Amino acid sequence: MHRSPCCLLLCLALLIPMPLPGAERSDEAEAAERKAEHLEETVVEENDPGPIVPGMAIEKSEAQAVDPEGEQPLDDALTCLARTIYWEARGEAAADMEAVANVVINRLAHGGFPDTVCGVVRQGLEQGTCQFSWWCDGRVDEADEEGAYDISKEIARRALNQQLPDRTDGALYFHHRKMLPDWATHYTKTVDVGGFAFYRPQDGAARWVLYENCLRLPIRR
């Protein structure tokens with residue numbers, strides 16, 4: 001049977017492998033995760049990392065490609081940081097969310113805390129007294145508000161890129177201003193940012209803090 005040239009071209013096109021709709025996003029996500037791992041190592045190794053090496057900054061599209069549905073396991077720096085910002089300050093002003101990111105990065109740079117973002121976020125799980133209560137409150141940790149999670153990922157990206165000013169003046173701890181935990185009296189208050197109060201130890205040493213409230217609330221600590 002005779003086939004027209006158009007038909008032959010269509011058949012050839014069907015034989016050529018085409019990228020899947022999510023392939024590009026997956027590549028971007030992988031790039032973002034690699035860069036985030038390098039950036040967190042830089043923060044750990046150098047207390048004042050300085051400018052980012054060209055090409056190592058996480059791009060906006062790369063950050064948004066990571067964990068697009070808010071359901072992936074917390075096993076990379078950007079997801080761990082974004083999910084912490086989301087659950088600790090979702091619904092707050094951008095400045096409040098940035099300040100929460102500052103605390104995680106400040107802990108990462110401090111020798112008294114774990115040397116990965118996920119390690120900082122998960123600290124205390126074994127003892128059942130998590131430093132970030134959302135991580136061990138027994139509730140589902142999926143980010144179910146797309147807009148708020150997109151903002152959290154953008155703030156996490158900027159924090160890892162060292163493009164976020166430290167609104168907390170070096171704070172390692174914080175709580176919501178509607179609460180006054182016992183531990184706050186043993187620390188030096190650095191600043192209030194929106195609904196949160198921020199602190200650092202008087203002697204600069206990291207200390208274990210037991211948070212009184214381990215319930216999942218829209219706003220915590």
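Bear in mind that the values here come from a model prediction, so they are computed numbers and not experimental data. The basis for the numbers below is simple: all heavy atoms, side chains too, and nothing from hydrogens, waters or symmetry mates.
- Side-chain atoms of Arg157 come within 3.5 Å of backbone atoms of Ile58 as a donor-acceptor pair (strictly under, hydrogens ignored).
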Could you go through the side chain to side chain contact (heavy atoms under 4.5 Å, CB included) check for Asn161 and Leu39 one step at a time? CA-CA 7 Å; Asn161 281 349; Leu39 292 168; 3.4 Å; yes
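- In this structure, the side chains of Val103 and Glu88 stay at 4.5 Å or more apart for every pair of heavy atoms.
- Between the CD atom in Gln64 and the NZ atom in Lys60 there is a gap of 9.5 Å [rounded to 0.5 Å].
- When side chains are defined from C-beta on, Arg167 does not count as touching Phe198, because their heavy atoms never get closer than 4.5 Å.
- Taking SG from Cys118 and CD from Glu40, the interatomic distance works out to 7.0 Å, rounded to the nearest 0.5 Å.
- Look at Arg34 and Glu37 and you find no salt bridge, because none of the NZ, NE, NH1 or NH2 atoms lies under 4.0 Å from a carboxylate O.
- The pair Arg158-Glu98 counts as a salt bridge, with a side-chain nitrogen and a carboxylate oxygen less than 4.0 angstrom apart.
- Atoms CG and OG1, from Leu180 and Thr185 in turn, are 7.5 Å apart once rounded to the nearest 0.5 Å.
- The main-chain N or O of Gln72 is found under 3.5 Å from a side-chain atom of Asp67 such that the two form a donor-acceptor pair.
- Between Tyr187 and Tyr173, the ring-plane angle classifies as tilted under the 30° and 60° cut-offs.
- Within 6.0 Å of CD on Glu146 lie no more than 12 heavy atoms contributed by other residues, nucleotides or ligands.
- Taking NE2 of His175 as the reference point, atom CH2 of Trp183 lies at 5.0 Å (rounded to 0.5 Å).
- One finds the NZ atom of Lys153 at 5.5 Å from the CG atom of Asp150 (value rounded to the nearest 0.5 Å).
- Lys35 places no side-chain N or O within donor-acceptor distance of the main-chain N or O of Met56, the cut-off being under 3.5 Å.
- A salt bridge is absent between Asp96 and Arg177: the closest approach of a Lys/Arg side-chain nitrogen to an acidic carboxylate oxygen does not fall below 4.0 angstrom.
- A salt bridge links Asp169 and Arg200; the closest N-O separation between the charged side-chain nitrogens and carboxylate oxygens is under 4.0 Å.
- For the side chain to side chain contact (heavy atoms under 4.5 Å, CB included) test with His110, the passing option among Ile105, Leu172, Val120 is Leu172; the others fail.
- Between Leu164 and Asn102 there is a side-chain heavy-atom pair separated by less than 4.5 Å.
- A donor-acceptor pair is defined here as one N or O able to donate and one able to accept, closer than 3.5 Å; such a pair exists between the side chain of Tyr86 and the backbone of Asp144.
- Atom-to-atom distance recorded for Glu28:CD and Glu33:CD is 12.0 Å, nearest 0.5 angstrom.
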